[in-house]
Amino acid sequence: MSDSALILLAFLLPLVGAFGIVLCGRWPNLRETVTLVTAALTGLTVIELYGRFQQGGLNVVQLAEPLPGLAISFEIEPLGMLFALVASLLWFVTSVYAIGYMRGHGEANQTRFYTMFAIAISAALGVAFAGNLFTLFLFYEVLTISTYPLVAHAGTEKARQGARTYLAILLGTSIGLQLLAILITYAAAGTLDFRAGGILAGKLDPAWAGLLLALFVFGIGKAAVMPFHRWLPAAMVAPTPVSALLHAVAVVKAGVFTVLKVTIYIFGTDFITESHANDWIIWFAGATILLASLIAMTRDNLKSRLAYSTVSQLSYIVLGALLANQMGLLGGSLHIAMHAFGKITLFFAAGAILVAAHKTEISEMGGLGRAMPITFGAFLIGSLSIIGLPPFGGMWSKWYLALGTIDAAQWMLLGVLLLSSLLNIAYLLPIPIRAFFGKAPDGTSYTKIKEAPVTCLLAMVVTSLACLVLFFYPGPFYELASMVAGVE
Amino acid sequence: MIESHISLLLVVIPLLAAPVTALLPGVRLPWLTALLVSWVCFALAIWQFALVMDGSVISYELGGWAPPWGIEYRIDIVNAFVALIVAGMAAITLPYALRSVEQEIPKHQIPLFYSMFLLCMDGLLGITLTGDIFNLFVFLEISSLSSYTLISMGRQRRALTAAYQYLIMGTIGATFLLIGIGLIYAETGTLNMADLSNRLPAVFSHHTVHTAFAFIVVGVALKLAMFPLHLWLPNAYTYAPSAITVFLAATATKVAVYVMLRVVFTVFSTGFTSDTPTDDMFLLLGVLGVLVASFYAIYQGDAKRLLAYSSVAQIGYILLGIGFASALGVTAAVVHIFNHALMKGALFMAVGALVYRIGSSHITQFSGVGRQMPWTFGALVLGGLSLIGVPGTAGFISKWYLVLAAIEQQAWLIAAVILVGSLLAVVYVWKMVEVLYFRPASDTGETYREAPLSLLVPTWLLVIANIYFGLNADLTVGAATTAVQVLGGIPQ
């Protein structure tokens with residue numbers, strides 16, 4: 001199969017799968033088989049793409065050209081490859097998990113759930129392979145809209161409220177700020193293609209660069225830089241597999257991925273440093289890292305705490321992008337993968353606790369670890385990786401981000417990173433510790449509660465092992481990230 | 001032979017068919033006649049459009065009298081494009097009308113209904129095709145009178161007051177237009193628009209011409225429902241039969257916008273409009289229209305009225321494009337005339353399909369119906385996304401050009417207003433979507449079947465057109481770019 005056909009296949013497969021899921025809606029077992037097969041095939045396609053990418057030379061595919069000079073086109077470059085690998089591999093794992101979770105939790109409307117899930121993944125791959133900012137924006141919006149029914153899934157007043165916030169902030173920022181930024185970019189540069197070194201240098205008055213960059217950073221609401229982060233905690237009303245894959249990996253990473261793309265291929269790191277466009281906006285990222293961590297500490301609801309933790313971790317990546325130096329970009333890109341594996345493990349565990357023990361509040365989880373050792377073991381490993389301790393993958397990205405702040409002589413930001421790691425410890429580690437060594441609030445010990453369904457456990461074990469493996473062998477992700485950053 | 005008479009045939013065929021239709025017995029036969037006529041007209045309109053697509057101009061002398069003495073039909077890409085929209089929307093509305101009209105209108109009035117429909121289409125086509133400004137007024141009256149009748153045929157008695165209200169406002173508008181036409185005729189002695197554009201510059205300094213211009217602009221503004229002259233529109237759209245709402249929303253105001261373009265850019269050519277505060281007025285009223293009408297839309301409890309207010313807001317966007325008086329701005333306006341016809345057509349059809357099953361257009365009645373009528377619901381969502389201007393839909397193309405035009409003129413505030421308008425659209429579209437899909441179905445336990453195919457197929461054709469013209473804007477943007485050159489009076 002030709003390279004260009006393969007790129008199209010990668011993002012069309014989930015769409016075909018979505019169609020198949022609708023057709024098989026009446027037979028749950030067949031429907032889940034379709035999901036798994038599609039997810040596996042998509043994963044294999046992306047891996048095959050990666051193989052060809054390593055040998056070099058992948059074509060640009062143009063699908064349509066709505067306006068002269070504005071095409072819907074796809075191309076493969078290291079950052080997109082990295083994002084696509086993470087999203088498609090974890091989709092398969094999440095599908096395995098979702099089957100156990102959705103059945104164990106007795107959720108309704110499962111056909112709609114799996115259909116929209118597949119469409120969302122297709123959109124995420126569209127974002128990953130987008131050949132220009134217009135295409136990226138198109139799939140960015142498709143991603144927002146296709147995940148809306150997933151957030152509103154339960155259909156209760158609370159779910160509708162959360163989904164409303166979700167849609168309002170994501171569409172609001174993307175149309176109000178991001179689209180404006182794209183239009184200004186187009187008016188100034190006359191193109192929206194991603195080019196090494198950026199397209200704005202020499203075309204835009206450097207004095208305006210800071211403002212435009214701010215429009216982008218805030219307009220990309222999926223990156224959840226404060227004050228536009230509220231949608232992420234609001235989205236936690238969704239079923240846990242959605243929170244796990246979409247709101248820890250696909251959707252939020254699509255946001256920070258876009259920030260990275262804009263800084264590297266639209267502005268160009270040289271233009272950012274020369275025009276000092278990042279001077280003040282970087283502090284929003286720094287402040288988000290700390291504030292979100294502090295808020296996370298106050299949350300007793302487990303998913304809500306994890307959501308704020310995600311907000312904080314996303315800003316690590318935004319920070320890496322805005323540092324606009326090699327180590328920052330390397331760390332930021334790597335963090336897309338590392339945080340994904342860590343955080344998805346935590347969400348898997350949170351969902352497993354909900355299914356098996358029907359508990360959502362951290363204060364109720366004392367002593368639960370002895371009844372659910374695998375779940376809380378995975379949670380511990382995920383936490384350690386997020387905190388950035390060896391021997392877990394999360395260490396590498398934080399390592400390079402810290403180096404990035406040193407290279408940029410931003411000592412304050414280095415302090416922010418270190419302080420945040422301490423805060424991570426403070427809000428994550430007490431959960432497994434209390435579960436293993438604490439007591440239930442009413443003093444009972446859990447004898448009746450068993451581990452979650454086996455597919456849930458399987459998914460958790462795989463992702464937590466991945467955290468471990470990525471420390472010793474960060475292989476493909478490191479390679480891709482260093483290509484993004486231009487590190488030899 | 002036909003080729004040289006297309007423009008005349010487009011007007012004569014429906015005009016002759018209308019009285020015949022009124023006399024035909026039964027329900028199906030009048031419908032079939034109207035359907036055939038509209039499809040023939042659509043084919044002719046496509047043919048005509050193909051002839052002038054390269055920017056050429058066809059001049060047709062009515063009765064062999066040479067202009068400027070006789071009436072001239074002067075076809076360039078601008079009116080061919082608008083005629084295409086009118087004929088196309090009629091051709092797609094009529095298949096939809098059959099079932100919808102059977103339910104909404106007493107049987108004995110149905111032949112009359114289709115007769116009036118043809119007359120209305122005829123008037124709208126006539127307005128676009130004629131090159132004579134008095135003839136334009138005549139066709140405007142034909143379309144207006146027939147639309148008053150059509151609106152009054154709505155299910156509820158309030159349709160009568162709505163039609164009456166429109167009658168009063170529409171007549172004032174027509175009178176203003178006529179006064180303006182009379183004044184410029186007195187000044188120049190000609191009614192031919194091409195001739196006027198040559199003769200008017202000599203008398204631009206006369207106060208009479210300024211007065212005439214003011215009368216014409218206000219008169220046309222009433223017909224196109226420019227904020228704050230839009231008061232007739234929400235009631236008219238809300239209480240008219242569903243098929244008529246679709247047709248009028250997609251064409252009537254668009255044709256009036258076309259008249260505005262002609263008057264501002266062709267008749268009163270270069271220099272005149274920019275010497276008067278007209279551009280600024282368009283920009284100001286456009287901004288106000290977008291914001292105020294969108295806010296009104298948010299607070300409506302009736303889906304048809306909600307979409308009607310949204311139409312007023314969309315007219316605001318088109319006025320902004322005209323007000324910029326730049327190539328990009330007018331391109332955006334012309335593109336949006338087409339795209340808005342597509343999106344509002346699709347949306348009103350989807351709401352009409354809901355009304356067909358539920359019997360009410362009140363949003364509270366829609367609870368949970370989206371799950372029972374998934375195809376109708378899907379059409380409403382996609383049409384709504386196009387209205388919002390999500391990339392990949394036709395609406396995005398319009399917004400793209402409009403904001404680029406604003407950025408070009410460094411009008412940052414207006415660029416912001418356009419985008420805020422999109423966000424307000426998110427609010428009012430989602431208001432319907434949420435009730436339709438995520439509210440539990442009403443307690444009465446009543447379930448609704450999916451709308452019949454004859455309603456769904458036209459709706460989805462328009463929905464698909466919304467997506468097609470969002471992914472391939474060659475036709476719309478190409479036509480608009482040529483139109484900008486043909487209209488004249490626009491700095492390139």
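In what follows, chains are A, B, ... by sequence order, proteins preceding strands, each numbered from 1. Just so it is clear, the values below take in all heavy atoms, side chains as well, and ignore hydrogens, waters and symmetry mates.
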Side chain / backbone / both / neither for [X] at chain A, heavy atoms under 4.5 Å:
X        : result
B:Ile407 : side chain
B:Val390 : side chain
B:Ile418 : neither

Between atom [atom1] of [X] and atom [atom2] of [Y], what is the distance when rounded to the nearest 0.5 Å?
X        : Y        : atom1 : atom2 : result
B:Lys431 : A:Arg164 : NZ    : CZ    : 11.0 Å
B:Glu434 : A:Leu167 : CD    : CG    : 9.5 Å
B:Leu419 : A:Gln178 : CG    : CD    : 11.5 Å
A:Leu179 : B:Lys399 : CG    : NZ    : 9.5 Å
B:Leu423 : A:Ile175 : CG    : CD1   : 5.5 Å

Identify which part of A:Ile72 has an atom lying under 4.5 Å from any heavy atom of chain B, answering side chain, backbone, both or neither. side chain
Side chain, backbone, both or neither: which part of A:Leu177 has a non-hydrogen atom closer than 4.5 Å to chain B? neither
Given the rule in the side-chain contact (heavy atoms from CB on, under 4.5 Å) test, do A:Ile184 and B:Trp412 qualify, once you have shown the distances and angles that lead to the verdict? CA-CA 10 Å; A:Ile184 294 173; B:Trp412 300 106; 3.6 Å; yes
Quick one: of B:Asn472, B:Val477, B:Leu471, who has the most non-hydrogen atom pairs under 4.5 Å with chain A? B:Leu471
Would you please indicate yes or no on a ring centroid separation below 6.0 angstrom for A:Phe134 and B:Phe396? yes
CD1 of B:Ile298: more than 12 outside heavy atoms within 6.0 angstrom? yes
Surrounding CZ of B:Arg371 (heavy atoms of other residues, nucleotides or ligands, distance under 6.0 Å), is the total greater than 12? yes
Donor-acceptor side-chain pairing of A:Tyr186 and B:Trp400 below 3.5 angstrom: no
What are the two closest heavy atoms between B:Pro391 and A:Leu138, and how far apart are they? O-CD1, 3.0 Å
Tell me, out of A:Pro149, A:Gly172, A:Ala163, A:Ser174, who's got the most heavy-atom pairs with chain B below 4.5 Å. A:Gly172
